A.B. asks: 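My structure is below; once you've seen it, I'll send some questions.
Labels below follow one simple rule: chain letters A, B, ... track the order of the sequence lines, proteins then strands, and each chain is numbered from 1. Keep in mind that the numbers below use all heavy atoms, side chains included, and drop hydrogens, waters and symmetry copies. Note that the structure is a prediction, hence the values are computed from the model and not measured.
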Amino acid sequence: MKYTAPRGTKDILPDETSVWQGIEKTCRKLFELYNYSEIRTPVFEQTELFTRSIGQTTDIVSKEMYTFLDRKGRSLTLRPEETAPVVRAAIENNLIQKDKLTKLYYIGPMFRYERPQMGRQRQFHQAGIEVFGSDNPAIDVEGISLAMQIFNRLGISNLEVDLNSVGCNKCRPEYFIRIKSFFKDKIKSMCEDCQKRFETNPLRILDCKEPNCQKFIEKAPAIKDILCPECKTHFEKVITGLESLKIKYKVNNRLVRGLDYYTCTAFEIVSGQLGAQNAVCGGGRYDTLVEEFGGPKTAAFGFAIGLERVVEIIKSTKSNNQPSKQAPSLYVATMGDEAEKIGFELVSKARGAGISADMDYLRKSLKAQMKTADNEKAKYVLIIGDDEIKKNKAILKNMQTGGQEEIAFDEALHRLTS
RNA sequence: GUGGGCGUAGCUCAACCUGGUUAGAGCUCCAGAUUGUGGAUCUGGAGGUUGUGGGUUCAAAUCCCAUCGUCCACCCCA
């Protein structure tokens, strides 16, 4: 084969697109039900937008970005996530204003250079929201409930909400100090990655899965005990909010998100049906990012759903999901040039009348045309041959019942619309 | 970036371990049985540079190396 899709990318083929369309439709419907408006941003941005917001030492920035120079030598990067671009666009277009809540949603492709595996591709798709202008914990609750509502509507259950607070600019530095002093004498006996994390971002030590490291991590101070009063009450209010909506959650003190801009609330929604890459949704609060990007001081919250993973779950859940390909209502079978001409006009008229229709263009035998119509799941077949032309009538066959009748050419379309 | 599994017809796979005529089967597709009627059945047919490149050998789908792709896991995340 001469050309194949680049590594880590996939063609979404016709028998799959209906699943995708269904998911996208459900997302849009619910986003709009919660009063979010769609925003579409470029798929590439200035590289700095991502390095600044996500953080230099994060995996995404340090090894996963598709970065290139354009013809004028500008460094651009295919978006690895959508929060930074939306923040940029919102500031640039003055969407964020004082005393106003701005609620935006997006659906689109993201790009990260990683080794592909189950539920992980280099081009993947996310649907998500960003809310600007409120530090009210109710926003966090609304966001999480919206995500759960989407999964619910898609028929996905067995999900778990993992919740944590990563603190704010006031309490996080304090926590860093505590963590550093706690691990100071232990770090040498921990794994190589943790030793790096100790220098670059000690918070991530908590996320290490090495059994050896976990022994130490278990005894490490939990961030929830060091949170400042504001973060603490915020976190508690998010929890009571979730409880009042009867959303089940699990406080996970080790949940640390891989992007540096998060403050206070961080959450993930994980599925048991996915393999190692089990997060279907992730997000949280980022109350300082807008200001860091030169906008007004603005509290913000957002999440992103991984659509490939949703597709995986839906495929594995629905045992025999019928592809539900759209079928034409009418298939016109013709024999001979004259019949083909008449048939072509009828197909055209049918379409004009809103009836989905198709016909044979391969000059196949009638039998073969019937077979094609059957494979296409056409409801009716209109047969036109020499006999019919003479009588100025066609044969209309109902493919479900097998019954057929002679009918005038023009009459046939009326029959189908009525 | 690291480790392991796998690349054979459009699809799912067999033959590989133990090298040996013309690389098989099911499904799909095409034709016929049915001179102009789909689904079921039967008969026939088409379809392959065995991922690619090199090596070993009288002989390679089979053994070896490389490379690309894919899958799974680590890391991390959606």
A.B. asks: Look at the side-chain N and O atoms of A:N375 and state whether any lies under 4.0 Å from the OP1 or OP2 oxygen of B:C29.
C.D. replies: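 For A:N375, the contact criterion (side-chain N or O under 4.0 Å from OP1 or OP2 of B:C29) is met.
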A.B. asks: Heavy atom of residues 112-122 of chain A under 4.0 Å from RNA chain B: which residues?
C.D. replies: A:R112, A:E114, A:R115, A:Q117, A:M118, A:G119, A:R120, A:Q121
A.B. asks: So what does A:E312 touch, heavy atoms closer than 4.0 Å: a base, only the sugar-phosphate, or nothing?
C.D. replies: nothing
A.B. asks: When only distance counts, do a donor and an acceptor, one from the side chain of A:Q369 and one from the base of B:U37, lie under 3.5 Å apart?
C.D. replies: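 Donor-acceptor pair under 3.5 Å: no.
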A.B. asks: Which atoms form the tightest heavy-atom contact between A:G302 and A:Y286, and what is the distance?
C.D. replies: N-CE2, 3.6 Å
A.B. asks: Could you pull out all residues at least two apart from A:E340 that satisfy side-chain contact (heavy atoms from CB on, under 4.5 Å)?
C.D. replies: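 Result, side-chain contact (heavy atoms from CB on, under 4.5 Å) vs A:E340: A:T334, A:M359, A:R363.
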A.B. asks: Could you work out, with side-chain contact (heavy atoms from CB on, under 4.5 Å) as the rule, every residue matching A:A276, not counting sequence neighbours?
C.D. replies: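 For A:A276 the side-chain contact (heavy atoms from CB on, under 4.5 Å) partners, ignoring immediate neighbours, are A:Q117.
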A.B. asks: Would you mind classifying the nucleic acid contact of A:E308 as base, sugar-phosphate or nothing, using non-hydrogen atoms under 4.0 angstrom?
C.D. replies: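 The answer is nothing, as A:E308 stays clear of every strand by at least 4.0 Å.
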A.B. asks: Hey, does the side chain of A:K364 come within less than 4.0 Å of B:C29's phosphate (OP1/OP2), counting only N and O?
C.D. replies: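 No, no such contact exists.
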A.B. asks: So, for A:D162 and A:L255, which heavy atoms are closest and what is the spacing to 0.1 Å?
C.D. replies: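 Looking at all heavy atoms of both residues, the shortest contact is O-CD2, 3.5 Å.
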A.B. asks: With sequence neighbours left out, write down each residue that passes side-chain contact (heavy atoms from CB on, under 4.5 Å) with A:A127, or none if nothing qualifies.
C.D. replies: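 side-chain contact (heavy atoms from CB on, under 4.5 Å) list for A:A127, sorted by chain: A:C27, A:F31, A:I107, A:L307.
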A.B. asks: Could you run through nucleotides 39-48 of chain B and give me one letter per nucleotide, 5' to 3': B if any protein heavy atom sits under 4.0 Å from the base, S if only the sugar-phosphate is that close, - if neither?
C.D. replies: B---------
A.B. asks: Taking atom C1' in both B:G10 and B:C29, what distance in whole Å separates the two?
C.D. replies: 9 Å
A.B. asks: Tell me the salt bridge (charged side-chain N to carboxylate O under 4.0 Å, His left out) pairs involving residues 42-68 of chain A, sequence neighbours left out?
C.D. replies: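 Residue pairs with at least one partner in residues 42-68 of chain A: A:E45-A:R88, A:E48-A:R52, A:D59-A:K63.
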A.B. asks: Walk me through whether A:R351 and A:D358 qualify under salt bridge (charged side-chain N to carboxylate O under 4.0 Å, His left out).
C.D. replies: CA-CA 9 Å; A:R351 290 167 176 163; A:D358 208 347; 3.7 Å; yes
A.B. asks: What interatomic distance, in whole Å, is found between C1' of B:A60 and the corresponding atom of B:C65?
C.D. replies: 15 Å
A.B. asks: By nearest nucleotide on RNA chain B, pick out whichever of A:R7 and A:A368 is the more 5' one.
C.D. replies: A:A368
A.B. asks: Within the structure shown, what part of the strands sits under 4.0 Å from A:K10 by heavy-atom distance: base, sugar-phosphate, or nothing?
C.D. replies: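 The residue A:K10 makes sugar-phosphate contact but no base contact.
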A.B. asks: B:G26 and B:U8: how far apart are their C1' atoms, nearest whole angstrom?
C.D. replies: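 Nearest-Å result for B:G26 against B:U8 at atom C1': 15 Å.
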A.B. asks: Under 4.0 Å, counting only non-hydrogen atoms across every strand here, what does A:G8 touch: a base, just sugar-phosphate, or nothing?
C.D. replies: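 Sugar-phosphate, backbone atoms only, no base.
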A.B. asks: For A:I60, answer base if it contacts any base atom (sugar-phosphate contacts may also be present), sugar-phosphate if it contacts only those atoms, and nothing otherwise; contact means non-hydrogen atoms under 4.0 Å.
C.D. replies: nothing
A.B. asks: Once rounded to the nearest 0.5 Å, what's the spacing between atom OG1 of A:T288 and atom CZ of A:F293?
C.D. replies: 10.0 Å
A.B. asks: Could you say whether A:T9 or A:I305 is positioned toward the 5' end of RNA chain B, judged by the nucleotide with the nearest heavy atom to each?
C.D. replies: A:T9
A.B. asks: Answer yes or no: is there a side-chain heavy-atom contact under 4.5 Å between A:Q123 and A:M110?
C.D. replies: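 The answer is no; the side chains never approach within 4.5 Å.
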A.B. asks: Using a 3.5 Å limit on both pairing distances, list the dot-bracket string of RNA chain B from the 5' end; Watson-Crick and G-U wobble pairs count, crossing pairs take [ ], interstrand pairs take |.
C.D. replies: (((((((..((((......[...)))).(((((.......))))).....(((((..]....))))))))))))....
A.B. asks: Heavy atoms within less than 4.0 Å of RNA chain B: which residues of residues 34-51 of chain A have one? Give them sorted by number.
C.D. replies: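 Contacts with RNA chain B under 4.0 Å: none.
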A.B. asks: Suppose we screen for side-chain contact (heavy atoms from CB on, under 4.5 Å). Which residues come up paired with A:S75, at least two apart in sequence or across chains?
C.D. replies: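 With sequence neighbours excluded, A:S75 shows a side-chain contact (heavy atoms from CB on, under 4.5 Å) to A:T47, A:T67, A:L69, given in chain and number order.
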A.B. asks: Nearest to the side chain of A:S365, heavy atoms from C-beta on, is which of B:C71, B:U37, B:A31?
C.D. replies: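 Nucleotide nearest to A:S365's side chain: B:A31.
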A.B. asks: Pick the P atom in B:C17 and in B:C64, then give their distance to the nearest Å.
C.D. replies: 9 Å
A.B. asks: Can you tell me which residue pairs pass the salt bridge (charged side-chain N to carboxylate O under 4.0 Å, His left out) test with a partner in residues 262-289 of chain A, sequence neighbours excluded?
C.D. replies: A:D140-A:R285, A:R257-A:E268, A:R285-A:D287
A.B. asks: At 4.0 Å (heavy atoms only), tell me whether A:V270 reaches a base, stays on the sugar-phosphate, or touches nothing.
C.D. replies: nothing
A.B. asks: What pairs of donor and acceptor atoms, side-chain ones from residues 394-401 of chain A against any protein atom, are under 3.5 angstrom apart with sequence neighbours left out?
C.D. replies:
residue : atom : partner : partner atom : Å
A:N398  : OD1  : A:Q400  : N            : 2.8
A:N398  : OD1  : A:T401  : N            : 3.1
A:T401  : OG1  : A:G403  : N            : 3.1

A.B. asks: Say we look at B:G45 and B:A9: how far apart would their C1' atoms be, to the nearest angstrom?
C.D. replies: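 Rounded to whole Å, the distance is 14 Å.
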A.B. asks: Per the salt bridge (charged side-chain N to carboxylate O under 4.0 Å, His left out) rule, what does the pair list look like for residues 109-124 of chain A, sequence neighbours excluded?
C.D. replies: A:E114-A:R120
A.B. asks: Check the pair A:K103, A:E32 against salt bridge (charged side-chain N to carboxylate O under 4.0 Å, His left out), reporting the backbone distance first and the verdict last.
C.D. replies: CA-CA 10 Å; A:K103 301 170 83 171; A:E32 282 162 21; over 6 Å; no
A.B. asks: By the 4.0 Å heavy-atom rule, please label A:A276 as base, sugar-phosphate, or nothing.
C.D. replies: base
A.B. asks: Taking all heavy atoms of A:P80 and all of A:I54, pick out the closest pair and write down the distance.
C.D. replies: CG-CD1, 4.0 Å
